[in-house]
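To start, the structure under review is shown below, and the notes come after it.
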Protein chains: 2
Amino acid sequence: MENDMTEPGSRRRVTIREVAERAGVSMATASRALSGNHPVPAATRARVLRAARDLDYVANAHARALVGGGRKMAAVVVRQVTSPFYAQVAEGVEAEAADRGWLCVVGATGGDPQREMEFVQLMREEGARLVILVGGVVEDEAYRERVAHYAQALDSTGARLVLCGRPAPDPEIPALVVEFDNEAGARAITGHLLSAGHRRIVFLGGLPGNTALDARVAGYRAALAEHGLPPEAARVVDCGLGRAAGLRAMGELLKETREFTAVVAGDDMVAAGALRAIADAGLAVPADLSVVGYNDIPLAEDFNPPLTTVRTPAEELGRAAVRIALRDPEHAAGSHHLLGTHIVVRRSVAPPPTDGGLTPV
Amino acid sequence: MENDMTEPGSRRRVTIREVAERAGVSMATASRALSGNHPVPAATRARVLRAARDLDYVANAHARALVGGGRKMAAVVVRQVTSPFYAQVAEGVEAEAADRGWLCVVGATGGDPQREMEFVQLMREEGARLVILVGGVVEDEAYRERVAHYAQALDSTGARLVLCGRPAPDPEIPALVVEFDNEAGARAITGHLLSAGHRRIVFLGGLPGNTALDARVAGYRAALAEHGLPPEAARVVDCGLGRAAGLRAMGELLKETREFTAVVAGDDMVAAGALRAIADAGLAVPADLSVVGYNDIPLAEDFNPPLTTVRTPAEELGRAAVRIALRDPEHAAGSHHLLGTHIVVRRSVAPPPTDGGLTPV
DNA sequence: CCCCTGAATGAAAGCGCTTTAACTTCCTCT
DNA sequence: AGAGGAAGTTAAAGCGCTTTCATTCAGGGG
């Protein structure tokens with residue numbers, strides 16, 4: 001089971017003892033010169049460094065962490081790294097961690113809570129000091145229990161827990177949450193559509209229980225209300241996220257009714273699916289139908305047409321997560337940070353066809 | 001400098017000694033029961049496991065690695081994780097590593113050799129047993145030296161080096177290379193265009209010195225030759241990779257000449273840029289111009305029109321890299337593996353407009 | 001001239017774990 | 001019945017490093 005590797009790791013490594021001997025000092029002095037934890041006269045240090053270089057000495061991070069009581073390591077956990085949005089968040093975390101000399105490991109769960117738990121456990125063993133869980137979830141009982149467990153478990157090993165784009169089930173829990181202001185973003189982009197003259201707007205991609213999406217739906221409804229529309233004017237299709245979902249739901253919706261002139265998608269990927277479904281139905285965007293997305297993934301401007309969407313600076317989210325976690329240790333428990341977003345106008349929105357004479361406000 | 005973290009890691013962790021005491025056995029027995037490295041009677045094991053659970057024991061991975069002489073850890077190094085192709089490769093590595101119970105860390109270099117070196121060094125300290133460098137490069141002297149250095153350095157710490165999509169400068173070097181057969185792929189997709197009747201095909205996105213791109217250019221030329229066209233029929237624009245490069249180069253090319261009916265792009269991102277430049281010039285794809293890409297990134301089917309391209313199973317590349325490295329330790333040095341690709345036909349290719357009467361073969 | 005202070009250094013303890021070598025038992029075989 | 005194992009268990013060694021504590025040596029003030 002283990003023998004699929006003919007131990008190449010068995011080569012003996014140079015230890016600090018050998019460096020010390022070659023430099024003619026004790027291990028203690030060598031250690032101090034190498035790690036810089038304690039001042040050492042320049043001449044001595046030079047001698048040690050020289051010896052280390054000559055011998056190609058490589059410090060053993062494990063020994064260091066063992067005696068030093070841990071190490072600077074952060075972990076990001078996402079559903080999948082191939083999702084453009086998650087990849088950007090992970091990159092932000094990695095970058096911010098690297099800036100501080102921290103090591104960063106990323107874990108992909110594929111959306112499986114089981115793997116998520118295993119990974120958290122692994123990070124406990126590895127001595128991670130920061131675990132960042134990224135991505136929206138539906139907040140059910142199982143989720144609450146899971147997070148409560150993580151928080152307790154990580155706290156007991158002295159690690160900090162950050163929830164990115166997902167809720168803390170209980171303000172008492174020692175976790176930090178950092179996320180975008182989904183409601184404000186959805187309100188703004190829906191307002192953009194309303195300002196262009198649209199009145200019958202559907203929200204495609206709800207996912208009841210998913211706090212991020214629920215917040216976007218709330219923002220969408222709020223915008224409608226702000227423009228004096230009755231609550232019945234809202235129409236939300238709970239098809240969930242992903243290109244496939246958008247493609248199917250949009251296809252079905254178009255078969256059922258044409259009583260709408262614009263759609264706000266739950267995110268850019270469902271917008272991608274919707275765009276295709278609309279094209280397949282022989283309709284044009286934005287001439288016949290306007291559509292907007294959410295997240296502004298890198299390829300959104302290559303959609304057909306280029307997508308008007310809400311820019312959520314994903315990399316900044318990742319950076320903020322580690323920055324805040326490391327800076328505000330006091331506020332970590334129950335602290336909640338909201339990041340702002342803004343609209344990126346491209347070419348997927350036009351005034352509605354029926355009142356084409358209207359000038360956009 | 002270090003004080004931006006009020007040591008939450010200082011909480012004392014339960015050690016195996018306490019577990020042993022509670023279970024009424026020695027540390028040795030507890031260790032064996034916990035790690036499974038040595039058979040232990042079921043009753044004893046149960047007692048130990050019970051004690052461990054009661055105490056919420058978390059093994060210290062560092063101590064384990066220290067005494068156990070290393071640990072199962074792989075590292076992938078890419079330019080950036082936000083590139084869809086690299087993300088997929090990384091995901092493949094992560095998945096294959098996870099399947100074997102290995103930990104996987106990913107590093108992003110941003111294309112900076114300096115950071116690449118630092119990361120390799122870090123991995124040596126961390127005791128990684130497998131380092132996978134991903135992504136094409138221009139093979140200059142600096143590159144050769146760098147790789148030779150990595151190979152030697154990693155070998156000295158007993159780690160294996162895998163080059164994914166980039167060349168080993170010297171067959172003697174202890175590195176394994178795993179990559180796609182770029183020449184065959186480019187030959188096939190160019191052949192597809194030729195079969196559709198195209199004769200004046202430009203290659204957009206060459207990058208002299210970059211071995212992957214050079215191979216694609218070679219495949220493109222080979223396909224032309226196979227179809228009886230003279231060498232002068234080849235036209236390659238060395239604009240490099242990326243959407244921006246494709247956008248600019250295509251724009252300029254169109255201003256200069258229209259003496260071509262199809263373009264094969266260096267990769268899908270170049271194709272994305274080209275598509276936009278063509279649309280901006282008021283031309284239609286594929287009616288006026290056919291274009292094909294390379295890699296089949298997840299969003300290629302959402303381009304306008306959906307892109308005909310070469311599918312390079314990126315995740316499989318990542319998986320293969322770790323599988324081969326771990327399976328064929330003998331052949332590791334100087335071993336070279338080529339992975340196959342295939343064409344994905346979508347809607348960006350049609351017969352050339354001038355000989356529209358031709359039926360595609 | 002001696003004692004005190006501080007800088008430079010070293011010996012040794014020990015981080016938490018695995019593993020070797022030794023030691024009991026308790027059978028089984030002759 | 002006694003030798004020879006096998007099986008279960010443990011004490012102790014040590015992985016490579018940092019750090020505490022002790023020691024040495026210079027220099028400066030009383």
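Chain letters run A, B, ... following the sequence lines, proteins first, then strands; residues in each count from 1. The analysis underlying the following values was restricted to heavy atoms, covering all of them including side chains, and did not include hydrogens, waters or symmetry mates.
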Report each atom pair, protein N/O against N/O of nucleotides 12-21 of chain D, whose distance is under 3.5 angstrom.
residue	atom	partner	partner atom	Å
D:dC17	OP1	A:Y57	OH	2.5
D:dC17	OP1	A:N60	N	3.4
D:dC17	OP2	A:I16	N	2.4
D:dT18	OP1	A:R64	NE	2.8
D:dT18	OP2	A:S31	OG	2.7
D:dT18	O5'	A:S31	OG	3.4
D:dT19	OP2	A:N37	ND2	3.0

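- The stretch residues 18-31 of chain B participates, sequence neighbours left out, in these salt bridge (charged side-chain N to carboxylate O under 4.0 Å, His left out) pairs: B:R12-B:E18, B:R22-B:D54.
- Ion pairing of A:R71 with A:E126 is present here, as a side-chain N (NZ or NE/NH1/NH2) and a carboxylate O approach within less than 4.0 Å.
- For the pair B:R160 and B:R129, the minimum side-chain heavy-atom distance is 4.5 Å or more.
- By the side-chain contact (heavy atoms from CB on, under 4.5 Å) test, A:A321 pairs with A:I132, A:V162, A:C164, sequence neighbours left out.
- No side-chain donor-acceptor contact under 3.5 Å links A:H336 to the backbone of A:V178.
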Step by step, would you call A:V89 with A:V78 a side chain to side chain contact (heavy atoms under 4.5 Å, CB included)?
CA-CA 9 Å; A:V89 178; A:V78 297; 5.7 Å; no
Dot-bracket encoding of pairs in DNA chain C, which uses [ ] for pseudoknotted crossings and | for another strand, Watson-Crick or G-U under 3.5 angstrom:
||||||||||||||||||||||||||||||
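- The residue B:V40 sits apart from the nucleic acid: no heavy atom pair falls under 4.0 Å.
- Taking B:R146 as the reference, B:P113, B:E116, B:M117, B:Y143, B:Y150 meet the side-chain contact (heavy atoms from CB on, under 4.5 Å) condition, with sequence neighbours excluded.
- Looking at residues two or more places apart in sequence or on another chain, you find a side-chain contact (heavy atoms from CB on, under 4.5 Å) between B:Q152 and B:S156.
- Dashed line: the shortest gap from a side-chain N or O of B:T44 to OP1 or OP2 of D:dG8 is not under 4.0 Å.
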